[in-house]
Amino acid sequence: MIEFQNVNFRYTESVVEGRLSEINLTISDGQVVLLCGKSGCGKTTLTRLINGLIPNYYEGDLSGAVCLDGKNISELPLYETAKYVGSVFQNPRSQFFTVDSTSELAFGCENQGLPKDEIVHRVENTARQLDMQELLGKNIFHLSGGEKQKIACASVAASDPSVIVLDEPSSNLDIAATADLRRAIQLWKAQGKTIIIAEHRLYYLKGLLDRVLYMEHGEIIYDWTERDALSLTNERQRELGLRPFDLLAFPVSIHPCAECKDILCSKFHFSYTKHGETLKIDSLTLPRSSITAIIGHNGAGKSTFARCLCGLEKQCKGLVKIGEQEYSKRKRLSLCYMVMQDVNHQLFTESTEEELRISMKDADPETVDSVLKRLDLESFRNRHPMALSGGEKQRVAIATALVSGREILVFDEPTSGLDLGHMQEVSQEIRMLSNMGKTVLVITHDYELIVSCCSYVLHLENGAVEEQYQLDSAGIKRLQAFFMEEA
């Protein structure tokens, strides 16, 4: 189905990250292939060659041939490639064309000129197969990040391509939605589709893979069978920068909660529409100078709670009390700093260095240099933030929070799209903030991040507090039960 013949590629910007060197690869019909490796190793570039975005959208120097079912992809217009290849990107918003979910599922079929009855059948059948009927007819802008990802997967499936390319598909998914993604891949595999997955989170793919391609510096270093990949020791996986295939094999670090006065949140009620409350918390206490993981399924109200806490939602009248000091919504704007789930909303300047400087009260070159170095961003100092990869943008946004000087820092999915090494760097930085007396809240579906740095868990469901507990030995067992319930 797919063949790479002596392929070399370099982006026009002349950056090292994402280059490909002497790629020779054949992928047979119906194979499920995992592309893995550290950030910048070339995984996403390889997927862009398969779906035709290179050279039709991303420019650069390309040599060699990439053939799809015998046709040279670089010589095909994108609309022709789209008949064979469907893509799900790391940020699903970048591939939406409509406002409501049902129209999004129908969009690809409409572009193929299919009869109306066939389109209706495909939309309904896809929604049923992927168990997402409840998401039909919804405004896409009102969906959570994980729900948007499910819509993106369904819109591709409805078009019925022979090849499906997924780039970090689980990055914003909760444990249940990740299980749904696994079932979708199982379904596509049973249908005989060829599936290419570029991914850092590996545990949910166990048992589905035919091949595992490990990439480094733009080259394919290892071409393993799934059995070969699963036989790697935990130590060897960490050496290669891979997250574990067995989620619970990841080492756990227990960090006791700091004994400080609590943060009291009261009357946190909020709704995006007139029909029912999205957030309904009468009273909640959280530990100060600690790292609290906020968990829950997609749509549980985690990001909404964080936005209300930071004073970003005007209609939320809730109060925050720390010690004897009360903070209204307006006061919290200068108390809190939030790194959003979609960091594209908060990157404004022409360079990474400038992005850090505008986040500081008093720009300090030494602090900027130190944070850029610690988060492995020195080489991007003068690059435009919007020209970086998803994981690199994430690290830039985290860096702005580190230099902001605020007392309460909120990170919404901070390790989305990050490999093991960069996830551990973020974990260390978050621990450092806690040691400095900062209060950190981390909204995440990343089990590895939680057990690396967090000391407390707030579990939200349906806009309310389900439970909260310290991450001692008993708390770790509760956390593991939550992550394994749908896996």
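It should be emphasised that the depicted structure is a prediction, and the values quoted were computed from it without experimental measurement.
Within 6.0 Å of atom CG in D362, 12 or fewer heavy atoms from other residues, nucleotides or ligands are found, so the atom counts as exposed in its surroundings. Heavy atoms of other residues, nucleotides or ligands lying less than 6.0 angstrom from CD of E134 number more than 12. By the 6.0 Å contact criterion, OH on Y469 is enclosed, its count of non-hydrogen atoms from other residues, nucleotides or ligands being greater than 12.
Under the 3.5 Å distance criterion, with hydrogens and angles disregarded, no donor-acceptor pair is assigned to the side chains of T45 and Y58. If you check the side chains of E392 and S39, you find no donor sitting under 3.5 Å from an acceptor. Neither side chain, N462 nor H297, offers a donor N or O lying under 3.5 Å from an acceptor on the other.
Side chains of L248 and Y447 form a contact here, defined as non-hydrogen atoms less than 4.5 Å apart. Put simply, the side chain of Q468 does not reach to within 4.5 Å of the side chain of H459, judged on heavy atoms. Side-chain contact between D419 and R243: absent, with no pair of heavy atoms (C-beta onward) separated by less than 4.5 Å. Looking at heavy atoms from C-beta onward, D446 lies in side-chain contact with R201 at the 4.5 angstrom threshold. Contact annotation: the side chain of L460 approaches that of V465 to within less than 4.5 Å [non-hydrogen atoms, C-beta and beyond].
For the salt bridge (Lys or Arg N to Asp or Glu O under 4.0 Å) condition, the pairs that include at least one residue of residues 143-164, sequence neighbours left out, are K150-D180, D160-K193.
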inquiry  = Assess the residue pair L388 and T352 against the criterion (side-chain contact (heavy atoms from CB on, under 4.5 Å)); give the C-alpha distance rounded to whole Å, side-chain angles, the decisive distance to 0.1 Å, and a yes or no.
reply    = CA-CA 10 Å; L388 303 179; T352 297; 3.9 Å; yes

message = Go through it in stages, so that I can follow the logic: the residues are N234 and R238, the test is side-chain contact (heavy atoms from CB on, under 4.5 Å), and I'd like the CA-CA distance, side-chain angles, deciding distance and then a yes or no.
response = CA-CA 6 Å; N234 293 334; R238 287 194 291 272; 3.8 Å; yes

task = Show your working on side chain to side chain donor-acceptor pair (under 3.5 Å) between N51 and S87 and close with a plain yes or no.
result = CA-CA 7 Å; N51 60 25; S87 300; 3.0 Å; yes

